[in-house]
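Just so it is clear, the values below take in all heavy atoms, side chains as well, and ignore hydrogens, waters and symmetry mates.
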Amino acid sequence: DNIKQYQQLMQTYRGTMMGFFDFEFKMDDIKKHQPPLQKLNKVIDWEIFRPMLESALLNKSKEKGGRPPFDKILMFKIIILQRYFNISDDQTEFQIKDRLSFMDFLNLELSDKIPDAKTIWFFKDQLCKKGLTNKLFDLFTVTLNSKGIIAKEGSMVDASFVDVPKQRNNREDNAIIKKGAVPISLAKNKNKLAQKDTDARWITKNNERHFGYKNHINADKKTKLINNYSVSNASTHDSVELENLVNETDNNLYADSAYRSEHIEMHLKGISCTSEIHEKGYRNKPLSEIQKKNNAGKSKIRGRVEHIFGFMTNSMNDALHLRQIGQQRIAATIGFVNLTYNLFRFEQLIRLKIV
């Protein structure tokens, strides 16, 4: 009997050791393909975000017992992972359990507890309510500035649509919502109102209909890192948000002709920012050949901002098509989209030795 017990024990031990080494071997094979998350881990000091996260999300409960909270950096990295792959909370939970590369990015072992979808949602809700997304974005931007990564030799401004689930309202309710009010039929039913997005707006551009919001960005012309951003509903004209994006730290500003106006030119002059905004022609006053040539030169620089939205669309799995509703939640999510882009762009700059 003792011999049989010993043999069973040794068999269990060998199986355990083989399972452990199988995991290590598989991870080595995965890393040979240089997954983007693993490349990110090599260059990002995640600990810079810890003081802000822990001070703002301090667990003040004095009750004893219960499951200890998950590490704040772990939860923060989960949101970055989620925004890079543009997946839901349920899919995030499943994919972390299913994919070894996700577990490795999060420094999780096979035996570790995985935050469930509700925990992920709650963490994001806390970030949103405490207005932390913009602060975390600014923290990383300040870090880049302190290292001289962003030279501020010139800035590019542009906007992209953020599409959200379309709302099926009748004409009367849509007319009321468009005026910034809430229809009585929705106000009487809180559950129904919670499922409606009364902040998003419709807009038609280039024969395409969009329903949702806009992500307005100010990006560095050299590094293509996002310096600043703002969020509006889709019907807001791009130029309206310019004063929220540009300040005294911007020396030269590149933008398309949609941003050209006497008011904006005066604003830029007032903050000592040289305008490199495209000139536009008018009826009976077309652009001269010199103006066309100047615009062509500006386009070579301004066009670089399109690479940012291209990365969000292609590499980040259509990151600007979101499932959330309401401007507060959308703004928080877009903030994380922009921060996630900056993290991956920074990794590119370091890896390719551009900075």
Tell me whether [X] shares a hydrophobic cluster with [Y], the cluster being built from Ile, Leu, Val, Met, Phe, Trp, Tyr side chains joined at under 4.5 Å.
X	Y	answer
Ile48	Val142	no
Leu352	Val43	yes
Val162	Val305	yes
Ile80	Leu322	yes
Ile271	Ile277	yes

- request: Run through His216, Lys214, Glu241 and flag the one making a side-chain hydrogen bond (donor to acceptor under 3.5 Å, both in side chains) with Ser232.
  value: His216
task: Please name the residue in the list Asn342, Asn145, Asn218 that meets the side-chain hydrogen bond (donor to acceptor under 3.5 Å, both in side chains) test with Asn227.
output: Asn218
query: Hey, mind stepping through Lys124 and Gln82 against side-chain contact (heavy atoms from CB on, under 4.5 Å) and telling me if it holds?
result: CA-CA 11 Å; Lys124 291 191 297 183; Gln82 185 180 52; 3.1 Å; yes
On a heavy-atom basis, which atom in [X] and which in [Y] lie closest, and how many Å separate them?
X	Y	value
Tyr341	Met312	CB-CE, 4.0 Å
Met52	Leu132	CG-CD2, 4.1 Å
Arg302	Ala255	CD-C, 3.3 Å
Val164	Gly212	CG2-CA, 3.7 Å
Phe137	Asn338	CE1-CB, 3.8 Å
Asp90	Ala117	OD1-CB, 3.1 Å

Is the count of non-hydrogen atoms from other residues, nucleotides or ligands lying under 6.0 Å from [X] atom [atom1] greater than 12?
X	atom1	answer
Lys222	NZ	no
Lys298	NZ	yes
Ile290	CD1	no

Have [X] and [Y] got a donor and an acceptor in their side chains that come within less than 3.5 Å?
X	Y	value
Asp256	His278	no
Asp250	Ser155	yes
Asp220	Thr223	yes
Gln348	Arg345	yes
Asn86	Asp318	no
Lys280	Asn295	no
Thr92	Asp89	no
Gln328	Asp199	no
Glu279	Asn294	no
Asp116	Thr119	yes
Tyr254	Asp158	no

message: Quick check against the 3.5 Å criterion: does Ser257 have a side-chain atom that pairs as donor or acceptor with the backbone of Arg260?
response: no
- prompt: Ignoring hydrogens and geometry, is there a side-chain-to-backbone donor-acceptor pair from Thr313 to Gly310 under 3.5 Å?
  reply: no
query: Do the charged groups of Glu265 and Lys269 touch, with an N to O distance under 4.0 Å?
result: no
query: Are Glu208 and Lys205 ion-paired here, with the side-chain N under 4.0 Å from a carboxylate O?
result: no
- request: For the pair Phe76 and Trp46, name the ring-plane relationship: parallel under 30°, tilted 30 to 60°, perpendicular over 60°.
  value: perpendicular
query: Angle class for the His263/His267 ring planes (parallel below 30°, perpendicular above 60°, tilted otherwise)?
result: parallel
- prompt: Got Leu320 and Val337 here, is their nearest side-chain heavy-atom distance under 4.5 Å?
  reply: yes
- request: Answer yes or no: is there a side-chain heavy-atom contact under 4.5 Å between Phe140 and Phe49?
  value: yes
message: Test side-chain contact (heavy atoms from CB on, under 4.5 Å) on Ile217 and Phe309; report intermediate values, then the result.
response: CA-CA 10 Å; Ile217 63 170; Phe309 295 127; 3.6 Å; yes
message: Let's go through Ser101 and Asp104 carefully: what are the C-alpha distance in whole Å and the side-chain angles of both, what is the deciding distance for side chain to side chain donor-acceptor pair (under 3.5 Å) to 0.1 Å, and is it a yes or a no?
response: CA-CA 5 Å; Ser101 61; Asp104 181 66; over 6 Å; no
Residue among Leu339, Leu349, Ile44, Leu37 satisfying side chain to side chain contact (heavy atoms under 4.5 Å, CB included) with Phe344: Leu37
- prompt: Among Gln126, Lys72, Met75, whose side chain to side chain contact (heavy atoms under 4.5 Å, CB included) with Leu53 holds?
  reply: Lys72
message: Glu47: which residues meet the side-chain contact (heavy atoms from CB on, under 4.5 Å) condition with it, sequence neighbours left out?
response: Asp45, Arg50, Ile73
- prompt: Do Arg304 and Phe311 meet the cation-pi criteria used here (NZ or CZ under 6.0 Å from the six-membered ring centre, within 45° of the axis)?
  reply: no
message: On the six-membered ring of Phe105, is Lys77 placed so that its NZ or CZ lies under 6.0 angstrom from the centre and within 45° of the ring axis?
response: yes
task: Go through Phe85 and Phe102 one step at a time and tell me if the ring-ring contact (aromatic ring centres under 6.0 Å, His included) criterion holds.
output: CA-CA 11 Å; Phe85 289 95; Phe102 281 20; 5.0 Å; yes
